[in-house]
Amino acid sequence: MENASKALIMAGAILIAIMIISLAVYLFTDFGTTSAEINKENAERQLTQFNTQFTTYLGRNNITVYELISVVNLAKENNSEYASVNNYANAENGYQINVYLDNTTLLSTKTQTELDTYIQNTGLGETLYTCTSVTYDNQNGRIREVYFTTN
């Protein structure tokens with residue numbers, strides 16, 4: 001009879017151990033999934049915040065030269081930040097941002113002196129611009145190109 005009671009105690013202990021291990025595996029899996037979802041949401045939020053810096057101008061037709069230059073400087077800052085990434089200017093990469101004026105002039109490659117000269121030549125705020133479109137990178141969803149036209 002003693003052996004039977006010891007066997008029941010051992011069986012109960014094994015069942016409890018299996019239940020504890022199963023609970024641990026379930027919690028580990030659940031927390032891992034939750035963590036992945038939170039990381040994904042944070043990445044999406046950061047992408048949206050980044051793109052919003054450019055999309056706030058989309059469709060506006062009263063953009064001043066100073067706002068235009070601010071967008072250009074933001075693009076240039078981004079480009080210099082990612083310049084160390086291999087092939088960052090590659091079309092498949094999606095890190096370089098180009099800002100175009102009237103579909104021909106690439107403003108994001110101009111020096112600060114050239115931009116200052118452009119500001120002085122536009123009548124110091126009299127010329128207004130319209131942000132006609134933005135292009136997104138297909139792989140990472142980041143803004144790739146911003147197009148402005150002169151009103």
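Just so you know, residue 1 is the first one in the sequence shown, and it goes up from there.
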*Asks:* What distance separates L74 CG from K76 NZ, expressed to the nearest 0.5 Å?
*Replies:* 12.0 Å

*Asks:* Quick check: do V71 and F148 have side-chain heavy atoms less than 4.5 Å from each other?
*Replies:* yes

*Asks:* Atom CD of E114 and atom CG of N121: how far apart are they, to the nearest 0.5 Å?
*Replies:* 12.0 Å

*Asks:* Among the clusters formed by ILVMFWY side chains lying less than 4.5 Å apart, do Y66 and L68 turn up in the same one?
*Replies:* yes

*Asks:* Roughly how far apart are L107 CG and K110 NZ, rounded to 0.5 Å?
*Replies:* 7.0 Å

*Asks:* Will you find, in the side chains of D102 and T149, an N or O donor that is under 3.5 Å from an N or O acceptor?
*Replies:* no

*Asks:* Between R142 and F50, is NZ or CZ placed under 6.0 angstrom from the six-membered ring centre and within 45° of the ring axis?
*Replies:* yes

*Asks:* Calculate, to the nearest 0.5 Å, the distance between atoms CG and OG1 belonging to N51 and T56 respectively.
*Replies:* 11.0 Å

*Asks:* Using the ring centroid of each side chain, check whether Y147 and Y100 are separated by less than 6.0 Å.
*Replies:*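 Judged by ring-centre distance (under 6.0 Å), Y147 and Y100 do meet the cut-off.
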
*Asks:* Any side-chain heavy atom of T130 sitting closer than 4.5 Å to one from I63?
*Replies:*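 Side chain of T130 against side chain of I63, heavy atoms only: no contact under 4.5 Å found.
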
*Asks:* Partners of Y136 by ring-ring contact (aromatic ring centres under 6.0 Å, His included), sequence neighbours excluded?
*Replies:* none

*Asks:* With no hydrogens and no angle check, do the side chains of Q112 and D116 hold a donor and an acceptor under 3.5 Å apart?
*Replies:*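 Yes - a donor-acceptor pair under 3.5 Å links their side chains.
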
*Asks:* Counting C-beta onward and ignoring hydrogens, is there a side-chain heavy-atom pair between T127 and V65 closer than 4.5 Å?
*Replies:* no

*Asks:* For the NZ atom of K6 and the CE atom of M10, what is their distance to the nearest 0.5 Å?
*Replies:*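 The distance works out to 10.0 Å.
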
*Asks:* Suppose we screen for side chain to side chain donor-acceptor pair (under 3.5 Å). Which residues come up paired with N61, at least two apart in sequence or across chains?
*Replies:* none

*Asks:* Please round to the nearest 0.5 Å and tell me the distance separating atom CD of E67 and atom CD1 of I69.
*Replies:*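 Those atoms lie 11.5 Å apart.
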
*Asks:* If two hydrophobic side chains count as joined below 4.5 Å and joins carry through other members, does F31 share a cluster with L23?
*Replies:* yes

